[in-house]
Each structure stands twice: as C-alpha cells, then as structure tokens.
Amino acid sequence: YCKDADLVQYCIKLITLCEDGTEKMIKLVVSLDKQVVGLCKDSNATRVLQRLIEKVARQKSLIQRLAHQLKGSVSSLVMCS
C-alpha cells in the first residue's frame, strides 16, 4: 500500500498518464483483485483508488470489477473509519 506521500503522488501520476481503455489500465485494475478492501482501509491508498475509479468511471466492466471486490465489505469499511 501507499504509505509514503511521494509514492501516492507517483501512483496517481501513473494512473493519470494511462489512457482510458488501454491494456495497461485493464491490467492495473485486474492486478488489484483481492486488494481493493485493503486499499480502502489505508488513508493514503484511498487517494490512489479514488483517482483510479475516476479514471475508469466510463468503463463499465472495470467499475463492475472494482465494485465486486467491495461487495460484502461495506460494514467492515464503515467500522474501519
């Protein structure tokens, strides 16, 4: 996870530079499988995840993939905050 502010900015920059719908963006989302809930619990990593969601918002399959990872975890995320 992104424990360092500089690393957060680097990750956000990488996401920003990735073009929508490219294979790199798809691989990035796929690589997060099973890690989305953990990212949501990390105060720094949430900024990276937020940027990623903004970037793929128009790509239904990628949003569904991220949403599927969160399914069933909402109560644990609420308790975490």
> Which heavy atom of Val29 sits nearest a heavy atom of Arg65, and at what distance?
Replying inline: CG1-CD, 4.0 Å

>> I need the Ile26 CD1 to Cys18 SG distance, nearest 0.5 Å.
In response: 10.5 Å

>> Restricting to side-chain contact (heavy atoms from CB on, under 4.5 Å), what partner residues turn up for Gln59, sequence neighbours left out?
In response: Asp20, Val56, Leu62

> To the nearest 0.5 Å, how far apart are CG in Asp42 and CD in Gln35?
Replying inline: 11.5 Å

> Picking from Val8, Leu39, Leu14, Ile53, what satisfies side-chain contact (heavy atoms from CB on, under 4.5 Å) with Val48?
Replying inline: Val8

> What is the minimum heavy-atom distance between Lys55 and Ile15, and which atoms define it?
Replying inline: CE-O, 3.5 Å

> What is the minimum heavy-atom distance between Cys40 and Thr46, and which atoms define it?
Replying inline: O-CG2, 3.3 Å

> Which distance, rounded to the nearest 0.5 Å, do you find between the CG of Leu52 and the CE of Met25?
Replying inline: 6.0 Å

> Should Leu17 and Tyr10 be counted in the same cluster of Ile, Leu, Val, Met, Phe, Trp and Tyr side chains packed under 4.5 Å apart?
Replying inline: no

>> Quick check: do Thr16 and Ile12 have side-chain heavy atoms less than 4.5 Å from each other?
In response: yes

> For Arg51 and Lys13, what are the C-alpha separation, side-chain angles and deciding distance, and is it a side chain to side chain contact (heavy atoms under 4.5 Å, CB included)?
Replying inline: CA-CA 9 Å; Arg51 181 64 188 122; Lys13 187 67 170 178; over 6 Å; no

